[in-house]
Structures are given as C-alpha cells and as structure tokens.
Amino acid sequence: MSEQTNGLQQAAGSFQKEGFQHTEEFCRLNEYQKAAVLDESPACVVNANVGSGKTTVLIGKILYLHLDRNVPLEKMTVLTFTNKAADEIVERLRKIKPDIAPDQVQGFGTFHSVALRMLKNSLPVEEAGWTKEFTVMDPDEETDLAMKIIQEHGLKVKYKNRLKKRLEQEYQNWLEGKAESRYRDDMYRLYQLLEEEKKRQNKMSFADLLRVGEELLRIKAEDSGVERRDEKSGPAWILVDEVQDSDLMQIEFLDALRGGKAKIFAVGDPNQVIYSWRGTGDNMFYLIKHRFGAKELTLPVNYRSNASILAAANRFLQFGNRIQGTREEGQRITVRNHYDPFQEAEYLAEKIQTLHRNGKSYREIAVFYRLQSQSGILEKVFDRYGIPYELSVKKTLKDIPVLNWLVKVLRVSVNPADTQMAAEVLADPGYGEESMYLRMTEFSEETGKRESVSAGELFAYFGLREALHPSSAGYQEDERLVMDFLEKMCASCNKEMESSQGNLTAAVRKFINSSALYGMKTDAGEKAPGDISECEGAGSEPDEKDRTAEPDRVSLMTLHASKGLEFDTVFIIGVNQGMIPLRCKNFEQEEEERRLFFVGITRAENNLELSWYTNPGEPGAIGEPSRYLRMIPEQLLNREDAGKPENVRSGENAGGDGRKSDLHQLRKQVQEQIRLKSEHARRPGSAGMAERGAHLQGETVKKEKEQKEPEVIRVRHRKYGEGILISEDDMMIEAEFREYGRKKFLKAFGEVEVLDAV
DNA sequence: GAGCTGTTCTTTTTT
DNA sequence: AGAACAGCTC
C-alpha cells in the first residue's frame with residue numbers, strides 16, 4: 001500500500017466497505033483529532049489536554065488503520081498502564097465494530113501483559129535463564145523471597161521494613177550498573193542473589209517481565225540482522241495510551257519492541273503526571289518525543305468542563321498552551337469554609353441529599369480528598385444519613401486467606417520448582433496439610449494431562465475438604481469461596497484447552513499468571529463477602545453484566561484515584577495549607593501536588609466545590625486555605641464562607657464555645673483578606689518585597705520597574721534550555737521555555753541563569 | 001539492651 | 001514536626 005493513498009482513493013473505495021473516514025464517528029471529531037487520527041509519521045506524540053478526547057482519538061486511530069489502511073488488528077500493539085484502560089479501549093472498539101474476536105486484540109493490554117504474552121509465545125526465555133513454564137510472582141512474594149535470602153546469606157540490608165519499596169525504587173540503579181546502593185549496604189548483592197533464585201524457581205517478577213522481554217527482543221533483532229526481519233515478527237504499529245506515565249524500563253521495552261521498524265503513536269498529557277514519586281522520570285512525554293524523534297500534535301479542546309472550571313484549570317497548567325473550552329461559563333466554582341471535617345461531612349451529607357431530591361443521581365457526584373484517612377468521617381456520616389457511596393479502595397484475593405492459600409497451592413502445582421510457595425502452603429497455620437505436598441507435585445502427571453475439568457474434580461483431587469477443616473467455624477464460607485474461584489478458573493481453562501490444545505497444567509498456569517498481573521481484584525464496595533467479580537483469567541472477556549448493573553452511589557476517592565474519571569458535580573475537601581499541597585520538601589514535589597490539584601478540578605463537568613477547614617483535624621494541615629485557592633481568579637469564585645447550615649450549630653452549642661469559634665473564624669477571614677490584598681499588591685512588582693529580596697539575593701532583582709517594559713530577558717536552565725523571563729520575586733523566578741512551557745523555580749536552588757543582565 | 005545521636009521518611013498506588 | 005530506624009557507646 002503506497003504512501004500516497006489518500007482522500008481520493010479512499011472516496012473511490014468507499015463503495016466496497018464503509019471505511020472509517022466515512023463514518024459518523026470520524027465526522028464528529030474536531031480538526032485536531034482528525035489530524036491525529038490520520039497522521040502516519042514514523043513516530044508521533046499527541047499532547048492531549050485534559051478532557052480533549054484522548055481515548056476517542058486512540059480508538060479512531062485503530063479503526064482508521066484497520067479499516068482504511070488495511071492494517072490487521074493483530075499487527076497492532078496497544079499499550080496501556082492499567083488493565084482498566086486496556087479493557088475500556090477494547091470495550092469501546094467493540095461498541096463501534098462488534099465483530100472483533102478476542103484473539104484479534106491479543107496485542108492490546110498493559111506493558112506487562114504484552115511482555116508476558118511475548119515471553120510465552122515468541123521469545124526464547126531459555127536464553128535468559130528461565131523456561132517457558134515460568135510463573136509470575138507479585139511484589140509481596142518477591143519481598144518475602146528477598147527477606148529469606150537476606151537471612152540465609154546474612155546480608156546487611158538497611159530499612160528492611162521498607163524492603164518492598166526499596167526493591168522497586170533501586171532496581172533501575174542496579175540495572176544501570178551503579179556500584180553500591182545509596183545506603184551503602186548489600187542491596188545490590190541481594191538483587192543478584194534474588195535473580196539467581198528466581199531463575200532457580202522459574203518465576204519472574206513484574207519488573208523481570210519488562211526487562212527480560214526487552215533484552216530478548218533486542219537479541220532477536222540482532223539475530224535476524226539489519227535487513228528487514230520477516231514480516232510476521234513484531235507489530236506494524238505501536239499505540240501507547242497515557243504515555244506520560246511510562247518509566248525508563250517501559251521506554252526501553254517500547255524501543256525494543258519497535259525494532260526500528262514499527263510506527264509509534266503515543267498519546268498523553270504532561271500536565272497529568274501525578275505518579276512520578278513512584279519512579280516515573282522527569283518528563284516522560286518530552287523524553288519520548290525526543291527519543292523517537294516524534295512529531296508532536298496537540299489536542300487543545302476540552303469537551304468536559306464549563307468555562308469557569310477551565311479558566312481556573314488554566315491557572316495550573318504547566319506545559320503547553322491554554323486549554324480551549326467549548327462550553328458556556330456555567331456555575332462559578334464554590335469555595336466554602338467549614339469549621340472542621342465533621343461539620344463538613346454533615347454539610348456534604350445534607351447537600352448531597354438535597355441534590356438527590358432535586359433529581360441528581362448519586363453516581364453524578366464525587367468527593368475527592370488528598371489522604372485515604374480522610375474518608376473515614378465521610379463514611380460514618382454518610383452511613384448515618386443513608387447516602388449510598390462507593391469507596392475506591394481495592395481489595396485483592398490476598399485479603400481472603402483461603403483464596404490466598406489456594407492460589408499458592410495452584411502456583412506450586414503448575415511450577416514444582418517453586419519451593420518458596422511450597423513451603424508457604426505447608427506452613428500455613430490455617431490450611432497447611434502435609435498431604436498437600438504430593439498432590440501439588442503430582443498434579444502435572446495426574447490431573448494435569450486432562451483436557452477438561454470441573455471445580456468439583458479439583459476440589460476432590462486436592463483433598464480440600466480435609467484441608468479446609470470441615471469442623472471449623474468458617475468452613476461453609478471457605479468452601480463457597482474456593483468453589484466460586486475454581487469454577488471461574490475451570491471455565492477459563494476449559495475454553496483455553498479447547499482453543500489451543502494445551503493440557504490442564506498449561507491452562508491453569510496461564511490463568512494464574514494473568515490473574516497475578518490483573519491484581520486479582522475483588523469489589524471492595526460490594527456487600528457480598530468475597531465476591532470475586534473481576535478475577536479475569538486467561539482468555540476470558542470482561543464481564544459485561546457487572547458493568548451495566550452499576551448501582552447508583554456517590555464516589556469517594558483520593559485525588560490520585562480520580563484521574564481519568566469525570567463527574568457532573570465534584571467536591572474537593574480539605575483544600576488547606578499543608579494538605580493540598582501536602583507539605584513537601586522539594587520543588588519538584590510541589591509541582592506534582594499542583595498537577596494533582598489540576599487533575600482533581602478538571603474532573604468536574606458542571607459543578608465544583610472546594611472547601612477548607614478552620615480547624616483541620618489532620619496532622620500537618622493548618623487552618624488556612626490552600627495557596628492554590630488564591631491562584632484562582634476571584635471572579636470565577638463564589639465564596640460561601642461559614643455556610644448556611646453551620647449557623648445552626650453555633651446556636652446549638654450556644655454560649656462561650658460557639659462565640660469563641662466564631663471569633664476564631666472571623667479572625668481567620670480577616671487574615672485571609674489581608675493576605676489577598678498583599679498578594680494583589682505584590683504581583684505587579686511590590687517594592688517592599690523586591691528590596692528585601694535584593695538585600696538577600698544580590699543583583700538579579702534590582703530593577704523591578706524596568707520589568708514592566710516589554711523587554712525580553714533571556715534565561716537558561718540546565719534541563720529546559722533557553723527561555724524568557726516571565727516574572728520574579730524574592731523567592732521565585734518564572735520563565736517560559738519553547739518546548740516545556742512556563743515553569744517556576746526556587747531561586748535558592750540557583751537552577752536558572754539570567755542571561756541578559758538588567 | 002538502654003540510651004544516645006543522627007538519618008530518613010511520612011502521602012499518593014499500578015503492574 | 002514526629003515517628004521509625006540505624007549505628008554507636010556503655
């Protein structure tokens with residue numbers, strides 16, 4: 001298919017099949033979205049503003065490539081960071097094109113699941129030291145194994161209680177060949193021994209999947225020479241969702257997968273990086289752009305929020321140009337002051353009740369907070385008011401002891417080399433049984449050869465009736481949980497064996513492996529204990545019925561968990577100094593807190609209410625509104641200090657107490673007013689502050705007055721290159737860079753050099 | 001192992 | 001700012 005294939009031929013060909021360009025879906029896209037869908041550069045990154053239809057473009061791209069450019073779905077790899085995102089893409093694709101078969105979208109999934117599939121199907125894992133029968137271990141298991149090795153070898157490893165975190169965070173350093181851990185202990189020796197032990201027990205950690213996958217992909221590319229590899233190997237197109245969230249290992253994997261041949265199309269938003277504390281580097285969006293020499297397109301138009309919300313959001317934008325809106329001004333943003341978290345919960349309960357009575361469904365409403373610990377009060381009060389709510393805390397199979405144990409039994413059964421798991425199964429205080437040992441090690445020989453199986457048969461084979469102790473109080477419940485799990489597993493395994501002629505051992509292994517990657521979630525919000533509603537095994541499809549039956553509930557979640565979601569009405573609580581932003585030591589962390597707040601406010605479609613407490617119970621927070629509230633222009637706000645129902649309270653605990661708190665509140669308000677005024681006075685260049693700054697800092701601040709002139713002052717930054725000075729005061733300096741947009745810096749760090757002496 | 005001083009982290013969470 | 005830990009001394 002030649003490169004000039006274009007509009008004409010498309011139009012000519014449209015009689016035979018519709019073609020995506022002629023569908024309603026395509027016509028509904030705006031010009032930016034269309035450009036992104038149609039772009040066929042070798043590498044392209046789409047800088048997608050919040051709410052600009054990023055996933056719609058990704059899906060449009062898939063359909064365009066498939067229907068108009070004849071790229072088979074099998075030749076596309078679509079990489080996401082969460083299983084939820086992968087499921088959503090396939091689900092939305094099916095909505096437009098319902099005849100997509102599951103094996104057509106094998107290449108759609110998280111980085112880890114795609115890596116796993118390739119290690120199992122097409123890469124020579126033996127060359128790396130594992131066999132095709134390897135299993136996947138989760139981070140807790142890896143930590144346990146590391147602990148065991150530390151003990152056995154008498155290693156000196158500091159902060160053992162934070163070992164899990166350390167294993168993850170220092171892994172990259174070790175890979176890069178650094179000599180010693182920053183804590184000057186045996187950490188790197190531990191990595192080495194751990195790796196050997198994982199090979200011995202034939203299992204891979206999450207990180208191994210990516211790292212080994214990358215290594216083998218590179219070897220494979222070398223082997224097949226510089227000349228084109230045969231057509232079957234590797235994807236023709238690689239599409240990446242939320243690319244700003246990738247880490248270094250994922251970029252290397254991506255690069256290896258591309259093999260210098262596949263085209264890359266990645267969408268992401270540098271303004272929504274909120275997980276960099278977890279190891280996502282500096283600025284992955286631009287790093288990827290430069291790494292692959294990618295063309296950058298933008299999606300500037302937001303379809304979600306009203307103009308007031310977007311105007312506020314624009315104040316927090318750190319990269320790129322301002323977000324363009326499509327909607328009317330709408331409701332202003334409410335800023336409300338409450339006395340304490342308890343008063344606020346009461347207020348929220350009443351407010352939500354009123355909204356619901358006036359016809360708003362609960363599912364349109366969400367409450368966001370910075371810390372998990374803040375949800376407790378809300379839960380209690382909402383319970384009392386009878387308001388249905390859903391907490392976004394995930395529960396995993398590991399929280400259900402009997403299933404946790406059962407998974408270990410199955411793990412050993414499909415991988416007898418896993419001595420760690422075998423020991424844990426037998427040593428389990430609740431279910432450990434010596435007799436399990438033979439059943440697990442003989443599983444492959446006996447039952448494992450079968451071509452179909454039922455839950456009852458497995459239950460009997462493992463002798464679970466005795467192992468679960470029929471006389472114990474929890475037996476009934478345990479049996480039910482185990483049978484539920486086995487039934488789901490058998491259904492998936494039978495299907496798998498039918499389609500791939502594998503045996504039971506292989507099918508169970510596949511199921512257990514993908515369950516490990518899928519997190520083995522259970523719905524914590526559900527009342528039914530232990531309902532394994534989302535235990536997706538190998539090859540099984542997303543449960544359609546679970547989604548349609550979503551009950552009407554208010555969503556309670558952390559700001560982090562809110563990413564990717566949208567609601568008609570959003571309340572963000574605890575917008576106090578010391579809470580949002582959470583006290584943080586360095587400037588990069590502060591920037592991330594700002595992005596987090598940005599993510600939070602941009603979830604709201606029509607109504608946004610931000611509140612702060614005079615008396616926050618949370619440690620660290622102080623009774624002042626967050627400085628972020630001062631960053632929002634006053635004309636966008638609707639300040640409702642002290643609220644109306646709260647006045648009832650002061651009458652309630654009448655007398656000294658109430659008056660005292662009223663006085664307290666009044667004083668806070670006065671202080672706030674004073675601060676606001678001084679803030680306004682300072683912005684165009686406050687003489688007083690500048691003078692003091694000049695004394696402390698020396699030269700750079702000298703001539704505040706000249707800055708009013710439209711003279712361009714150039715600055716330079718180690719990372720961002722040359723830019724122009726926007727503003728500065730005694731603490732901060734703000735500059736704009738062509739590639740990176742506006743950034744603020746702490747003068748004390750001396751990162752920015754002013755080039756034009758004034 | 002008590003008592004001291006210095007260091008490090010505290011929150012957010014996916015695979 | 002305070003907890004939890006590491007490493008030292010006695």
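Just so it is clear, the values below take in all heavy atoms, side chains as well, and ignore hydrogens, waters and symmetry mates. We name chains A, B, ... by the order of the sequence lines, and we start the count at 1 in each one.
- Listed pair K165(A) / dT10(B) meets the phosphate criterion, a side-chain N or O lying under 4.0 Å from OP1 or OP2.
- The cationic group of K120(A) lies under 6.0 Å from the six-membered ring centre of F134(A) and within 45° of the ring axis, placing it in a cation-pi geometry.
- If H112(A) and Q589(A) are placed on DNA chain B by their nearest nucleotide, the residue sitting closer to the 5' end is Q589(A).
- Note on T110(A): every side-chain N or O is 4.0 Å or more away from OP1 and OP2 of dT14(B).
- The CG atom of D140(A) sits 13 Å away from the P atom of dT14(B) (whole-angstrom rounding).
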task = Mind running side chain to side chain donor-acceptor pair (under 3.5 Å) on R117(A) and S122(A) for me, showing each step along the way?
result = CA-CA 8 Å; R117(A) 193 178 54 93; S122(A) 57; over 6 Å; no

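- With hydrogens and angles left out, the side-chain atoms of R92(A) and T56(A) include a donor and acceptor closer than 3.5 Å.
- If you run side chain to side chain contact (heavy atoms under 4.5 Å, CB included) between Y369(A) and each of I572(A), L556(A), I377(A), only L556(A) comes through.
- Contact annotation for N161(A): backbone-only contact, meaning every heavy-atom pair under 4.0 Å involves sugar-phosphate atoms and none involves a base.
- In terms of phosphate contacts, Y183(A) brings no side-chain nitrogen or oxygen within less than 4.0 Å of OP1 or OP2 of dG7(C).
- If you take NZ of K203(A) and P of dT15(B), they are 21 Å apart, rounded to a whole angstrom.
- Within 4.0 Å of R162(A), counting heavy atoms only, lie sugar-phosphate atoms of the nucleic acid but no base atom.
- Heavy-atom distances to DNA chain B give each of I274(A) and F206(A) a nearest nucleotide, and the one nearer the 5′ end belongs to I274(A).
- What separates CZ of R166(A) from P of dA6(C) is a distance of 10 Å, to the nearest Å.
- No engagement by Q374(A) is indicated, since no non-hydrogen atom pair under 4.0 Å with the nucleic acid exists.
- Atom CE in M579(A) sits roughly 17 Å away from atom P in dT10(B) (whole-Å rounding).
- As rounded to whole Å, 12 Å separates atom C1' of dT12(B) from atom CZ of R583(A).
- Side-chain atoms of R595(A) and Q272(A) form no donor-acceptor pair, as typed in the model, at a separation below 3.5 Å.
- The residue L371(A) sits close only to the backbone: its heavy atoms come under 4.0 Å of sugar-phosphate atoms, none of a base.
- Atom NZ of K160(A) and atom C1' of dG7(C) are 13 Å apart (whole Å).
- In this structure, K158(A) reaches the dG7(C) phosphate: one of its side-chain N or O atoms is under 4.0 Å from OP1 or OP2.
- Annotation: dT11(B) and dC5(C) have their P atoms spaced 13 Å apart (nearest Å).
- In the set dT11(B), dT8(B), dT15(B), dT11(B) carries the atom at the smallest distance from any side-chain atom of E593(A).
- For dT12(B), the base is stacked against the aromatic ring of W277(A), per a cut-off of 5.5 Å between centres and 30° between planes.
- Judged purely by distance below 3.5 Å, without hydrogens or angles, the side chains of Y171(A) and R211(A) pair a donor atom with an acceptor atom.
- Nucleic acid contact for R182(A): sugar-phosphate only, since backbone atoms but no base atoms lie under 4.0 Å from a heavy atom of the residue.
- Across all strands, Q372(A) comes closer than 4.0 Å only to sugar-phosphate atoms, never to a base (heavy-atom distances).
- L582(A) places its CG atom 13 Å from the C1' atom of dA1(C), with the value rounded to the nearest Å.
- When distances are taken from the side chain of R370(A) to each of dT11(B), dG7(C), dT14(B), the shortest belongs to dT11(B).
- Listed nucleotides dT15(B), dG7(C), dT13(B) differ in distance to K156(A); the shortest reach to its side chain belongs to dG7(C).
- Close to dT14(B), at under 4.0 Å from its OP1 or OP2, lies no side-chain N or O of N83(A).
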